[in-house]
Amino acid sequence: MSLLLIRGLVCYGQKYLGAEVGDTLRAGRVIDYSERPITPSQKLSGIALQQLSSQSISDALRCFSGVYIKDYGGIGGLKTVDIRSLGSQHTAIFYNGIKIYNAQNGQVDLGRYSLDNLEEISIFSANKGGSLLSASDFASASAVYLKSKKPEFDSSDRNLKATLGYGSFSTANAGLRYERKLKAMSISAEGNYLRTNGAYHYRIRNNYEDSIGRRRNGDVEAFRSELGLYSKAGGGDLQVNAYFYLSERGLPGPVIRRLSDQYSANERQADRNSFVQASWKSVGEALSLLLNSKLSSDRLEYESIPAEHSAGTHIQNQYNQNSLFLSAAGAWHPLSFLSVNLATDGNVSALNCDVKDFSPVIRLDIKTAAAISANCQGLDVQASLLHTLVKDITDNQASPLSKLSPSLVLGWSRGNYQLRAFYKSTFRPPSLNELYYTNIGNVKLRPESAKELNLGATVTFIERERFTGSISSDFHLSRIEDKIVAMPVYSQFRWSMMNFGLVKGMGAEIGLNNSFRICGVGCNTRLNYTFQKAMDCSYPGSHWYGGQIPYTPKHSASALLFVERGAWSGSISCLYTGVRYRASDNSASNRMEPWATIDLKLSRALDLSSLKMAINIEINNLLNQQYQVVNRYPMPGRNAALKLEFKL
């Protein structure tokens with residue numbers, strides 16, 4: 001157990017960047033309900049997260065091994081996360097411990113959440129550590145946890161922070177955060193504004209073309225605000241968050257060579273998202289409780305305006321989704337080495353839209369989990385069983401889904417060494433779009449079933465408090481059955497969703513992390529390498545059988561360096577993505593070239609009496625690499641930004 005705690009605090013190199021290494025506890029019985037990473041996990045937090053040269057959460061996640069971000073270009077493009085090539089819908093996103101649901105299409109756009117407001121980003125394969133978990137924590141193959149900043153006070157009972165930034169592509173942003181300490185609680189309130197024209201230059205060069213241009217319809221104007229309340233209530237910890245997001249943006253489509261630009265479509269999207277969520281946690285010697293609730297409302301307006309002289313049709317639709325989530329979990333600790341976790345979650349989502357012939361639909365999603373955890377002489381065992389019931393209420397509704405999903409996690413630690421293994425079975429139900437969307441949906445769809453097996457090890461090094469580090473490796477096998485794919489049925493203009501897919505995967509992840517101090521300079525390095533072979537085995541006998549699935553590189557890597565000395569700090573991040581293919585037919589015509597980028601950030605802190613100021617300079621894609629994450633969606637080249645921070 002000691003190694004697990006050390007790994008969580010030291011492995012990711014926070015010692016010389018502002019984090020504590022550990023605390024000394026007096027002898028006695030310790031009931032541990034904390035997170036213990038006995039499954040593969042990675043984390044960025046504290047000053048390291050602040051010093052990363054990133055414009056969004058998706059940029060930060062690229063630095064983790066096993067993670068692939070689908071980015072459709074620019075600040076306004078859709079950004080989703082895929083871990084271990086299982087698909088973005090097999091990856092759950094949690095905000096302050098409560099899952100973000102999207103019953104409509106199952107996708108969570110990471111661009112809607114601010115990196116400036118986060119205290120920590122962590123990812124887990126299999127189950128998150130700890131003996132007090134909600135049922136949703138057991139439901140996905142992988143999970144991303146976003147933890148917002150909590151108010152911290154020194155001599156004053158209030159804090160005020162303002163930020164101003166300006167960068168390439170006429171990108172301007174401003175933010176204001178206020179924190180106040182009251183008698184029985186603390187509160188925080190903040191707002192952020194962003195505007196950009198998204199008009200960056202690009203070049204597409206391959207064996208068939210060499211063209212240059214300027215990205216169009218990538219403008220964004222967005223406002224985000226959030227209120228937070230933190231208190232001790234009823235013998236436990238209470239946290240309440242209220243969130244509001246409003247944006248209007250262009251949707252930059254694929255770049256297609258044409259004789260004239262008159263046929264370029266003009267697609268627009270407006271979003272209004274809001275939620276209120278509350279979490280209450282009470283930890284006792286023998287019994288602990290966790291209660292979560294969330295009420296959310298999402299409105300999306302989509303408009304497609306055909307270009308002049310084209311044969312297109314003007315489309316304007318509005319989608320409204322409202323959700324209510326309730327969760328209760330309890331942990332019973334009958335013995336010092338044994339705990340039992342019982343949890344149930346319920347989510348009700350209602351979707352309505354003005355698409356012709358679309359019937360309103362209500363989805364009821366109930367999850368119930370039972371888990372038992374034991375820790376004895378360095379051996380950790382966690383076995384869990386999750387039951388999921390999904391029922392839709394609508395015209396011509398799909399049959400209810402009822403599934404059991406087991407998992408088994410093993411961990412062993414001795415001294416500076418840790419071994420781990422897990423087996424996990426999960427599934428993801430079809431989204432409401434896949435089931436009911438007009439002329440596309442298929443109510444007979446079966447859920448995708450995923451199975452994963454993992455073996456891994458970590459070795460931690462500590463030397464005279466001047467050097468800390470670790471090396472970790474994980475090897476995994478996966479299998480996804482009944483993968484949902486879109487297939488043309490009667491014509492190229494009418495598609496249908498069908499269960500045809502079978503994907504077999506195998507991969508390896510290697511990470512090296514260390515922190516050291518030399519001549520008053522604190523350094524933290526993170527090196528990650530990922531090998532991922534994900535094969536499309538849907539059609540035996542086809543010439544593409546066993547081909548790498550679209551957009552999954554076999555080789556990818558990242559390297560991060562954080563440096564601080566006194567008031568100066570900086571970071572260098574290097575990302576590499578190898579060859580990919582845009583189809584399971586891994587022919588030369590479908591090949592996408594590898595790419596690599598280098599990002600820099602330099603910060604200087606100034607203490608001006610009662611005013612504290614920081615100057616941040618960022619240069620992204622230093623070498624002006626011209627690349628595409630998704631075919632025909634070019635990414636920005638070299639760009640820079642200046643950001644000022646003021647604290648009172």
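The residues of the chain are indexed from 1 along the displayed sequence. Just so it is clear, the structure is predicted and the values come from calculations on it, not from any experiment.
Below 30°, between 30° and 60°, or above 60°: for Tyr319 and Tyr437 the angle between ring planes is below 30°, a parallel geometry. Taking the six-membered ring where the residue is Trp, Trp595 and Tyr627 present parallel rings, their angle staying beneath 30° rather than reaching 60°. Using a 30° and 60° split on the angle between ring planes, Phe531 and His555 fall in the tilted class, from 30° to 60°.
Looking at Pro550 and Tyr581, their side chains never come closer than 4.5 Å, going by heavy atoms from C-beta outward. Residues Pro360 and Thr394 fail the side-chain proximity criterion, which asks for heavy atoms closer than 4.5 Å. Within the 4.5 Å cutoff, the side chain of Asn127 has heavy atoms near those of the Lys424 side chain. Residues Glu434 and Gln89 are in side-chain contact: their nearest non-hydrogen atoms beyond the backbone lie under 4.5 Å apart.
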Asp71/Lys79 under salt bridge (Lys or Arg N to Asp or Glu O under 4.0 Å): CA gap, chis, key distance, verdict: CA-CA 5 Å; Asp71 193 329; Lys79 296 169 178 60; 3.7 Å; yes
Criterion salt bridge (Lys or Arg N to Asp or Glu O under 4.0 Å) on Glu448 and Arg428, from CA distance to verdict: CA-CA 5 Å; Glu448 291 184 3; Arg428 75 98 172 168; 3.3 Å; yes
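Residues satisfying the side chain to side chain contact (heavy atoms under 4.5 Å, CB included) test with Ala222, not counting sequence neighbours, are Val220, Tyr245, Ser247. Judged as a ring pair (Phe, Tyr, Trp, His ring centres under 6.0 Å), and not counting sequence neighbours, Tyr551 has no contacts. Considering only residues two or more places apart in sequence or on other chains, Asp357 meets the side-chain hydrogen bond (donor to acceptor under 3.5 Å, both in side chains) condition with none of them.
Proximity of a side-chain donor or acceptor of Ser122 to a complementary backbone N or O of Lys43 within less than 3.5 Å is not detected.
Between Glu452 and Arg479, no side-chain nitrogen of the basic residue sits less than 4.0 Å from a carboxylate oxygen of the acidic one, so the salt-bridge criterion is not met.
Donor-acceptor pairing under 3.5 Å is lacking for the side chains of Ser431 and Asn433. Side-chain N/O atoms of Asp219 and Asn197 include no donor and acceptor closer than 3.5 Å. Side-chain contact annotation: Glu226 with Asn241, donor-acceptor N/O pair under 3.5 Å present. No side-chain donor from either of Asn586 and Ser584 sits under 3.5 Å from a side-chain acceptor of the other. For Arg299 and Asn320, the side-chain atoms include no donor-acceptor pair closer than 3.5 Å.
In Lys451, the NZ atom is crowded: over 12 heavy atoms of neighbouring residues, nucleotides or ligands sit closer than 6.0 Å. Atom CZ of Arg112 has more than 12 heavy atoms from other residues, nucleotides or ligands within 6.0 Å.
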